[in-house]
Number of protein chains: 2
Amino acid sequence: MKKATVMSTLKKKIKEHQYKFTTQRKIVLQAFLDSKENHMSAEDVYEIVHEENPAIGLATVYRSLELFTSLELLKKLDFGDGRSRYELNDKTITHSHHHLICLGCGKVVEFSYDFLNDVKDKIQKENGFNIVDYQLKFYGYCKDCIKKANNNKG
Amino acid sequence: MKKATVMSTLKKKIKEHQYKFTTQRKIVLQAFLDSKENHMSAEDVYEIVHEENPAIGLATVYRSLELFTSLELLKKLDFGDGRSRYELNDKTITHSHHHLICLGCGKVVEFSYDFLNDVKDKIQKENGFNIVDYQLKFYGYCKDCIKKANNNKG
DNA sequence: GTGCGTGCAAAGTCTTTGCAAACCG
DNA sequence: CGGTTTGCAAAGACTTTGCACGCAC
């Protein structure tokens with residue numbers, strides 16, 4: 001999905017729900033479009049946003065993140081580090097990318113593999129559960145940490 | 001794994017690491033063996049433990065949960081409700097059960113399906129990442145909530 | 001203009017920590 | 001006995017909320 005599209009999707013969804021298309025909300029979403037960081041915490045977003053417009057408060061960032069999540073523009077993630085993280089909810093890729101979390105250095109790498117179709121029917125049949133989304137996290141050790149560990153041995 | 005085995009595993013691991021096998025730690029682990037609740041928060045555990053021994057403090061519960069997680073007796077879970085939850089880390093089943101989280105009522109159901117073998121090699125090859133564990137959560141609507149929604153329609 | 005949205009600070013929730021006393025080994 | 005572990009209370013980290021002002025529509 002192109003960046004311009006994301007912003008106009010926001011505008012559209014905001015209108016639909018009769019919310020207001022405010023400067024602050026624009027800037028918060030823009031932070032996700034501009035940043036290379038894929039998994040930002042509220043604080044991360046606040047720092048970026050604060051440069052653009054120092055008047056914006058942290059509470060507004062939290063409120064925007066919550067709103068955008070409810071509008072399905074963002075996805076809320078948890079990597080177990082005590083704070084929520086958010087990523088653009090690009091539906092065309094969301095259902096096929098997962099997170100590899102390194103237990104050594106904490107680095108988070110993305111991994112693509114769509115296996116939802118494999119299980120969706122099974123879960124539907126066995127549990128009567130209607131899946132609308134899923135989150136998959138892998139824990140392990142990344143290339144670098146494995147290398148480091150090996151160097152320390154030898 | 002039998003209940004008795006879990007407690008003796010604790011004893012063994014405690015010894016190995018030269019920690020102490022205290023009454024409090026026994027009681028905290030026992031809470032998991034006795035409770036029918038599969039996914040307890042620190043507060044849940046505290047309530048149970050507190051009945052057995054009102055002197056035990058919440059901080060001790062937190063410290064025990066952390067210790068047991070590091071000893072791989074428990075697994076720390078996150079269902080996005082703002083608190084950590086814990087379950088017994090029964091290795092024979094852990095790698096094949098996942099959580100179905102109902103977006104309607106918040107109920108968490110378990111679902112068995114071991115697909116780790118399918119992806120482990122792939123991840124190893126493509127990312128050089130050595131997987132030691134994974135967590136999979138499905139979000140959707142449970143039988144009851146689907147029924148309720150249908151009733152409201154008709 | 002009206003009412004939703006914002007900024008600030010205060011409050012809330014969950015979790016961690018400092019310290020003296022208690023206890024395991 | 002000595003060093004861990006505990007209980008308590010206080011502090012810490014993240015997030016939410018109350019309220020008066022400001023801005024989008």
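Please read these numbers as outputs of a predicted model, since none were measured by experiment.
Note: CD (A/Glu43) to P (D/dT16) measures 14 Å, nearest angstrom. With rounding to whole Å, A/Glu66 atom CD is found 18 Å from D/dC14 atom P. Rounded to whole Å, atom P of C/dT15 lies 11 Å from atom CG of A/Asp78. Separating the CD atom of A/Gln24 from the P atom of C/dC4 is a distance of 17 Å, rounded to the nearest angstrom. The distance between atom NZ of B/Lys15 and atom C1' of D/dT4, rounded to the nearest whole Å, is 16 Å. The NZ-P distance, from B/Lys26 to C/dC24, rounds to 8 Å in whole Å. Between the CG atom of B/Leu65 and the P atom of C/dT17 there is a distance of 15 Å, given to the nearest Å. A/Tyr46 has its OH atom 14 Å from the C1' atom of D/dT15, to the nearest Å.
Here A/Gln18 does not reach the OP1 or OP2 of D/dA24: none of its side-chain N or O atoms lies under 4.0 Å away. Under 4.0 angstrom from either OP1 or OP2 of C/dC23 there lies no side-chain N or O belonging to B/Thr22. For C/dT15, neither phosphate oxygen OP1 nor OP2 lies less than 4.0 angstrom from any side-chain nitrogen or oxygen of B/Arg83. OP1 and OP2 of C/dC14 both lie 4.0 Å or more from every side-chain N or O belonging to B/Ser84. For the pair A/Arg25 and D/dA24, the criterion of a side-chain N or O lying under 4.0 Å from OP1 or OP2 is not met. Residue A/Tyr62 has a polar side-chain atom (N or O) positioned under 4.0 Å from OP1 or OP2 of D/dT15.
At least one donor-acceptor pair closer than 3.5 Å links the side chain of B/Gln135 to the backbone N or O of B/Lys76. Not one N or O on the side chain of B/Asn151 forms a donor-acceptor pair closer than 3.5 Å with the backbone of B/Lys148. In this structure, B/Arg25 contributes its side chain and B/Lys20 its backbone to a donor-acceptor pair below 3.5 Å.
If you check every strand for non-hydrogen atoms under 4.0 Å, A/Thr23 touches sugar and phosphate atoms only. At the heavy-atom level, B/Arg63 lies under 4.0 Å from base atoms of the strands shown.
Other residues, nucleotides and ligands contribute over 12 non-hydrogen atoms within 6.0 Å of the CD atom of B/Glu16.
B/His98 and B/Phe111 have tilted rings, their planes meeting at an angle from 30° to 60° on a 0 to 90° scale. Ring geometry for B/His17 versus B/Tyr19: interplanar angle under 30°, hence parallel rather than tilted (30 to 60°).
Proximity note for B/Tyr19 (side chain, C-beta onward) versus C/dG5, D/dT5, C/dG7: the nearest is D/dT5. Checked against C/dT6, C/dT15, D/dC8, the side chain of B/Ala42 finds its nearest nucleotide in C/dT15. The nucleotide whose nearest atom lies closest to any side-chain atom of B/Phe21 is, among D/dA9, D/dT6, C/dG25, C/dG25.
Residue order along DNA chain C, read from the 5' end via each residue's closest nucleotide, puts B/Asp81 first among B/Asp81 and B/Lys20. The nearest heavy atom of DNA chain C to A/Ile56 and to B/Ile14 marks one nucleotide each, and the one closer to the 5' end goes with A/Ile56.
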